[in-house]
Amino acid sequence: TQLLEQSPQFLSIQEGENLTVYCNSSSVFSSLQWYRQEPGEGPVLLVTVVTGGEVKKLKRLTFQFGDARKDSSLHITAAQPGDTGLYLCAGGPNAGNMLTFGGGTRLMVKP
Amino acid sequence: NAGVTQTPKFQVLKTGQSMTLQCAQDMNHEYMSWYRQDPGMGLRLIHYSVGAGITDQGEVPNGYNVSRSTTEDFPLRLLSAAPSQTSVYFCASRSPTGWGYNSPLHFGNGTRLTVT
């Protein structure tokens, strides 16, 4: 069974601070997706990284896939209250066409 | 487009009762799936389908049944509800099937189920 561990589980910061969320595994994944989920809604895809070492930027969010394709990070620069939510990483799909989700990082950005 | 629609939004069941969670998508996606979300455990796959008439088990299938008679609909049945099935359930679809790892999962807004 492939496992993805996210850290930290909870993060509460002030507006304007920077933060990094980590997604780690002992398994190799063919791709890594990051989703954001707001209360009462389903997760929404932010980005997919496919190549080891790949870096993608989405405005103030920077996503990196580890060289060995076992880990990924999400860095937010100058966080804003609108960034508040649950961030989920998902790896795969595996041979069974299934995505493996991490446990999530719940971010709160205070004004 | 409505995307992925789940009903009901909330449901309370007594232990032993059965019910069906409905999921419909209007994007003509071949791949559909059901996840449950519990605090700190992320999303765990219950069942999935790669097309009409084809279903398969995910990570936590026990106590749940699915069927896929049309491309649009993928209902999830709880056969005899247990308190351990208290959770938030999400239906998600994706296109294409196979190794469409660059295509996102499109999620519904979830059904919050409580079993007493």
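A, B, ... follow the sequence lines: proteins, then strands. Residue 1 opens every chain.
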In the single-linkage hydrophobic clustering (I, L, V, M, F, W, Y; side-chain heavy atoms under 4.5 Å), do [X] and [Y] co-cluster?
X: B/L45; Y: B/L21; answer: no
X: B/V66; Y: B/V50; answer: no
X: A/L46; Y: A/Y22; answer: no
X: B/M19; Y: B/Y89; answer: yes

Requested in this report: Would you sort out whether B/L43 and A/L88 count as a side-chain contact (heavy atoms from CB on, under 4.5 Å), showing the intermediate values?
Outcome: CA-CA 9 Å; B/L43 290 155; A/L88 295 158; 3.9 Å; yes
Query raised in the report: What do the steps show when you test A/L99 against B/Y48 for side-chain contact (heavy atoms from CB on, under 4.5 Å), and what is the final call?
Result: CA-CA 11 Å; A/L99 285 177; B/Y48 67 98; over 6 Å; no
**Report entry** B/Q37 portion near chain A, given a 4.5 angstrom heavy-atom threshold
**Finding:** side chain
Query raised in the report: What part of A/Q37 gets closer than 4.5 Å to chain B, counting heavy atoms only: side chain, backbone, both or neither?
Result: side chain
Query - Any side-chain heavy-atom pair of B/P104 and A/T48 under 4.5 Å - result: no
Counting only heavy atoms not in [X], do more than 12 sit closer than 6.0 Å to its [atom1] atom?
X: A/R36; atom1: CZ; answer: yes
X: A/E5; atom1: CD; answer: no
X: B/R112; atom1: CZ; answer: no

Query raised in the report: Quick one: of A/A90, A/G40, A/G104, A/C89, who has the most non-hydrogen atom pairs under 4.5 Å with chain B?
Result: A/G40
**Report entry** When A/G102, A/G103, A/P43 are compared by non-hydrogen pairs under 4.5 Å with chain B, the top option
**Finding:** A/P43
Report summary line: Distance col, row A/L45:CG vs B/R94:CZ, nearest 0.5 angstrom, shows 11.0 Å
Query raised in the report: Does the pair B/L105 and A/Y35 meet the rule for a side-chain contact (heavy atoms from CB on, under 4.5 Å), with working shown?
Result: CA-CA 9 Å; B/L105 275 173; A/Y35 291 80; 3.4 Å; yes
